[in-house]
Amino acid sequence: MALIRTRDPSLVEKTAQSLEEQFPNSSTITSSDLAEKASGLIQMNEYTAWLISILFAIVTILFVVKSQFGNIVERTKEIGILKALGMKSRTVLAIFLSEAVIIGILGAVFGIALGWALAIAAAQIFTGGGIGVATGQAASTGFAITPVLTPTVLLGAFGFGIAVSV
């Protein structure tokens, strides 16, 4: 194993090719090769994060659907009484939908707050080595993680929470 340093980055590829030609049973790894591998790992982590998010969304949707159906089954007598008193089906539906919207708003607010808190905690742990230690840049790892909550993401999460509940 040999480490070769150069001041001119354009010589890296030429040097690697020359070494591979001179030593056919060896392999070279350049900084660009390492950057490509790191990029691939980051992309794989992004795909994994998306997959986990989708799975959590599916579980959340199933839980809300189960809760709402259970709510309707438990309140069958109440619905019957309301209908017997002359309430229209549309009004009963509006009652259930308004309850679903309220539950969705509360769930979305709680979910956004919890997600933001977990993002900050993860950034502090992985950037600074512990909770309360992060300063924005990590000397040991050489990178910084900064959670970002844009208005688009905030409104999208809020709308998704309400839509799932309804």
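Just so we're clear, the structure is a prediction, and the values are computed from it rather than from any experiment. Index from 1, following the sequence.
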Review point. Going through the checks in order, is the side-chain contact (heavy atoms from CB on, under 4.5 Å) test met by Ser18 and Lys14?
Key: CA-CA 6 Å; Ser18 175; Lys14 290 180 183 179; over 6 Å; no

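- Separating the CG atom in Leu97 from the CD1 atom in Ile102 is a distance of 11.5 Å, to the nearest 0.5 Å.
- Contact detail for Val166 and Ala100: the closest heavy-atom pair is CA-CB, 4.1 Å.
- A heavy-atom distance below 4.5 Å is not found between the side chains of Tyr47 and Leu51.
- Between the side chain of Ser165 and the backbone N or O of Ile162 there is no donor-acceptor pair closer than 3.5 Å.
- Atom CD1 of Ile125 sits about 12.0 Å away from atom CD1 of Ile120, to the nearest 0.5 Å.
- One hydrophobic cluster holds both Val101 and Leu93 under the rule that ILVMFWY side chains link at heavy-atom gaps under 4.5 Å.
- Val109 and Ile112 fall within the same hydrophobic cluster, where Ile, Leu, Val, Met, Phe, Trp and Tyr residues are linked whenever their side-chain heavy atoms come under 4.5 Å apart, directly or through other members.
- To the nearest 0.5 Å, the span separating OG on Ser53 from CD1 on Ile58 amounts to 11.0 Å.
- Using a 4.5 Å cut-off between side-chain heavy atoms of Ile, Leu, Val, Met, Phe, Trp and Tyr, Met44 falls into a hydrophobic cluster with Leu41.
- Considering every non-hydrogen atom in both Trp116 and Pro147, the closest pair reads CH2-O, 3.7 Å.
- Summarising the geometry of Leu149 relative to Val153, their closest heavy-atom pair is CD1-CG1, 3.9 Å, with the distance given to 0.1 Å.
- Phe158 and Leu154 fall within the same hydrophobic cluster, where Ile, Leu, Val, Met, Phe, Trp and Tyr residues are linked whenever their side-chain heavy atoms come under 4.5 Å apart, directly or through other members.
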Check your understanding: Is there a side-chain contact (heavy atoms from CB on, under 4.5 Å) between Ile95 and Met87 once you walk through the steps?
Key -> CA-CA 11 Å; Ile95 291 171; Met87 194 171 285; 3.9 Å; yes

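- Under a 4.0 Å N-O distance rule, the pair Glu99/Arg75 qualifies as a salt bridge.
- Side chain of Ser39 to main chain of Ala35: no donor-acceptor pair is present (N/O by atom type, distance under 3.5 Å, no hydrogens or angles).
- At distances below 3.5 Å, at least one donor-acceptor pair connects side-chain atoms of Thr60 with backbone N or O atoms of Phe56.
- Here the CD atom belonging to Gln43 is positioned 10.5 Å from the CG atom belonging to Asn45, to the nearest 0.5 angstrom.
- Note on Val65 and Val164: same hydrophobic cluster, where clusters join Ile, Leu, Val, Met, Phe, Trp and Tyr whose side-chain heavy atoms are under 4.5 Å apart, directly or indirectly.
- Here the straight-line distance linking atom OG1 of Thr76 with atom CD1 of Ile81 works out to 11.0 Å at 0.5 Å rounding.
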